[in-house]
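What follows is a set of notes on a single structure, which appears directly below.
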Number of protein chains: 2
Amino acid sequence: MATNQLYKGSLSTIILKLLGEKGRMYGYQITQEVKAISSGEYVITEGALYPMLHKLEAQGLLTVEIEMTGNRMRKYYSITKNGKKEVANLMTEMESYIRNMQSLLNPKIELA
Amino acid sequence: MATNQLYKGSLSTIILKLLGEKGRMYGYQITQEVKAISSGEYVITEGALYPMLHKLEAQGLLTVEIEMTGNRMRKYYSITKNGKKEVANLMTEMESYIRNMQSLLNPKIELA
DNA sequence: AAATATACATAAATTACTTATGCATTAGAG
DNA sequence: CTCTAATGCATAAGTAATTTATGTATATTT
């Protein structure tokens, strides 16, 4: 947290893409997965995560199933058909953003 | 311009990097340059640009020289020594961000 | 037994931005 | 030659994605 501002605006893309690839996940699991993949460089705060999950659900992009593990609640989220459409748009925007940044900044990034 | 949110947080990096490379530029010129390089996909609004230039100047990262072209004012900005240090940090953050996004959004393919 | 990790949640504060408005000069189109 | 668009600066109000702070409860590790 309190890292850089660049991650602003990418949270919904990350959540939807992750759920599209990995199938259903619960909130806490998403934070751990993202932290691990980013080598600890992107830590999703709970204050950002949960409102975003609720928003994406309200928009019909995610559905939720509540399950109990012992006495502990987990809310498993899955991507919907509309969510898949939306993630395609968001990915296009992200690719466009990265391309433009590379043109503007010429950062030393190895492209896939 | 109601485009996407991804550009949030990258304005200072873009301005400082551009000034570091191209030498001095004035505000309007920066907007045109960025619009051109991004094929019109990133349009810096004046309400974002001018306050940011003032902020970077206040932080000692830019200096300004006012010049008149006929009766029209131009404020030419140049990067300072501290500005160059800062842009190096910002570039590292940007590279890190892009790398992490590529990891998060382009999942590794399992090879046989 | 106490601290840390897991797992959810929301409210207030922050902040980078968009939108809107304003002023003045110069170039170009009709 | 007149009017619109482009050039060039500026600031204020509103928006929204976040951070920070706080809360509750269970499970695990030290």
Side-chain angles (χ1 to χ4, degrees), chain A residues 1-16 24-36 38 40-59 61-62 64-77 90 93-94 97, chain B residues 1-16 24-36 38 40-59 61-62 64-77 90 93-94 97:
Chain A
M1 42 242 286
T3 45
N4 71 54
Q5 312 280 48
L6 297 175
Y7 292 91
K8 265 182 209 294
S10 38
L11 182 57
S12 56
T13 307
I14 291 170
I15 291 174
L16 288 171
R24 65 182 216 153
M25 295 176 78
Y26 56 98
Y28 184 78
Q29 186 184 7
I30 293 173
T31 67
Q32 298 310 299
E33 184 83 2
V34 167
K35 187 158 76 175
S38 68
E41 286 175 24
Y42 183 30
V43 176
I44 301 174
T45 60
E46 293 162 295
L49 176 72
Y50 293 112
M52 179 61 79
L53 288 172
H54 301 160
K55 184 186 167 192
L56 296 174
E57 192 199 345
Q59 291 174 338
L61 307 179
L62 297 181
V64 66
E65 295 166 298
I66 298 178
E67 283 182 29
M68 299 307 286
T69 310
N71 279 334
R72 177 177 288 167
M73 178 180 58
R74 281 182 182 169
K75 293 178 77 172
Y76 281 92
Y77 289 90
L90 293 173
E93 282 182 14
M94 178 64 76
Y97 170 76
Chain B
M1 294 290 290
T3 43
N4 71 54
Q5 310 280 50
L6 297 176
Y7 292 91
K8 260 184 213 297
S10 37
L11 183 57
S12 56
T13 308
I14 291 171
I15 291 174
L16 289 171
R24 64 182 216 153
M25 295 176 79
Y26 56 98
Y28 185 78
Q29 186 184 7
I30 294 173
T31 67
Q32 298 311 298
E33 185 83 2
V34 168
K35 186 157 76 172
S38 69
E41 285 174 25
Y42 183 29
V43 176
I44 301 175
T45 60
E46 294 163 295
L49 175 72
Y50 293 112
M52 180 59 79
L53 288 172
H54 301 160
K55 184 186 169 193
L56 296 173
E57 192 199 344
Q59 290 175 339
L61 307 179
L62 298 182
V64 66
E65 295 165 298
I66 297 178
E67 282 184 27
M68 301 305 288
T69 309
N71 279 333
R72 176 177 288 166
M73 177 178 60
R74 280 180 183 170
K75 294 179 77 171
Y76 281 92
Y77 289 89
L90 292 174
E93 283 183 14
M94 178 64 76
Y97 169 77

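Reckoned from all heavy atoms, side chains included, excluding hydrogens, waters and symmetry mates. Order of the sequence lines sets the chain letters (A, B, ...), proteins ahead of strands, with each chain counted from 1.
- In this structure, the NZ atom of A:Lys35 is 8 Å from the P atom of C:dA5, given to the nearest Å.
- Separating the CE atom of B:Met25 from the P atom of D:dG8 is a distance of 12 Å, rounded to the nearest angstrom.
- At the phosphate of C:dT15, neither OP1 nor OP2 sits under 4.0 Å from any side-chain N or O atom of B:Lys55.
- Atom-to-atom distance recorded for A:Lys35:NZ and A:Ile30:CD1 is 14.5 Å, nearest 0.5 angstrom.
- Atom-to-atom, CD of B:Gln29 to P of D:dG8 comes out at 8 Å; the value is rounded to the nearest Å.
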Atom pairs, protein N/O to nucleotides 10-14 of chain C N/O, distance under 3.5 Å:
residue, atom, partner, partner atom, Å
C:dT10, OP2, A:His54, ND1, 3.3

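- In terms of the salt bridge (charged side-chain N to carboxylate O under 4.0 Å, His left out) criterion, residue partners of B:Glu65 (sequence neighbours excluded) are, by chain and number, B:Arg24.
- With sequence neighbours left out, B:Tyr50 forms a ring-ring contact (aromatic ring centres under 6.0 Å, His included) with no residue at all.
- For the pair A:Leu49 CG and C:dC8 P, the interatomic distance rounds to 8 Å; values are reported in whole Å.
- In the region residues 64-75 of chain A, proximity to DNA chain D at under 4.0 angstrom, judged on heavy atoms, holds for A:Asn71, A:Arg72.
- Rounded to the nearest 0.5 angstrom, B:Tyr42 OH and B:Ile14 CD1 are separated by 4.5 Å.
- In this structure, B:Met52 places its CE atom 10 Å from C1' of C:dT15, rounding to the nearest Å.
- Distance check, rounded to the nearest 0.5 Å: CG of A:Leu56 to CG of A:Leu61 gives 5.5 Å.
- If you take CG of A:Leu53 and C1' of D:dT18, they are 14 Å apart, rounded to a whole angstrom.
- In this structure a side-chain-to-backbone donor-acceptor pair under 3.5 Å is present from A:Gln29 to A:Tyr26.
- Every residue two or more places apart in sequence or in another chain that forms a side chain to side chain contact (heavy atoms under 4.5 Å, CB included) with B:Glu33 is listed here: B:Leu18, B:Lys22, B:Met25, B:Ile37.
- A straight line from CD1 of B:Ile15 to P of C:dA16 spans 12 Å, rounded to a whole angstrom.
- Under the rule for a ring-ring contact (aromatic ring centres under 6.0 Å, His included), the partners of A:Tyr97 that lie at least two apart in sequence or sit in another chain are B:Tyr7.
- Minimum interatomic distance between B:Glu46 and B:Pro51 (heavy atoms only, all atoms of both residues): O-CD, 3.7 Å.
- Between B:Gln32 atom CD and D:dC9 atom C1' the separation is 14 Å, expressed in whole Å.
- Residue A:Tyr26 places no side-chain N or O under 4.0 Å from the OP1 or OP2 atom of C:dC8.
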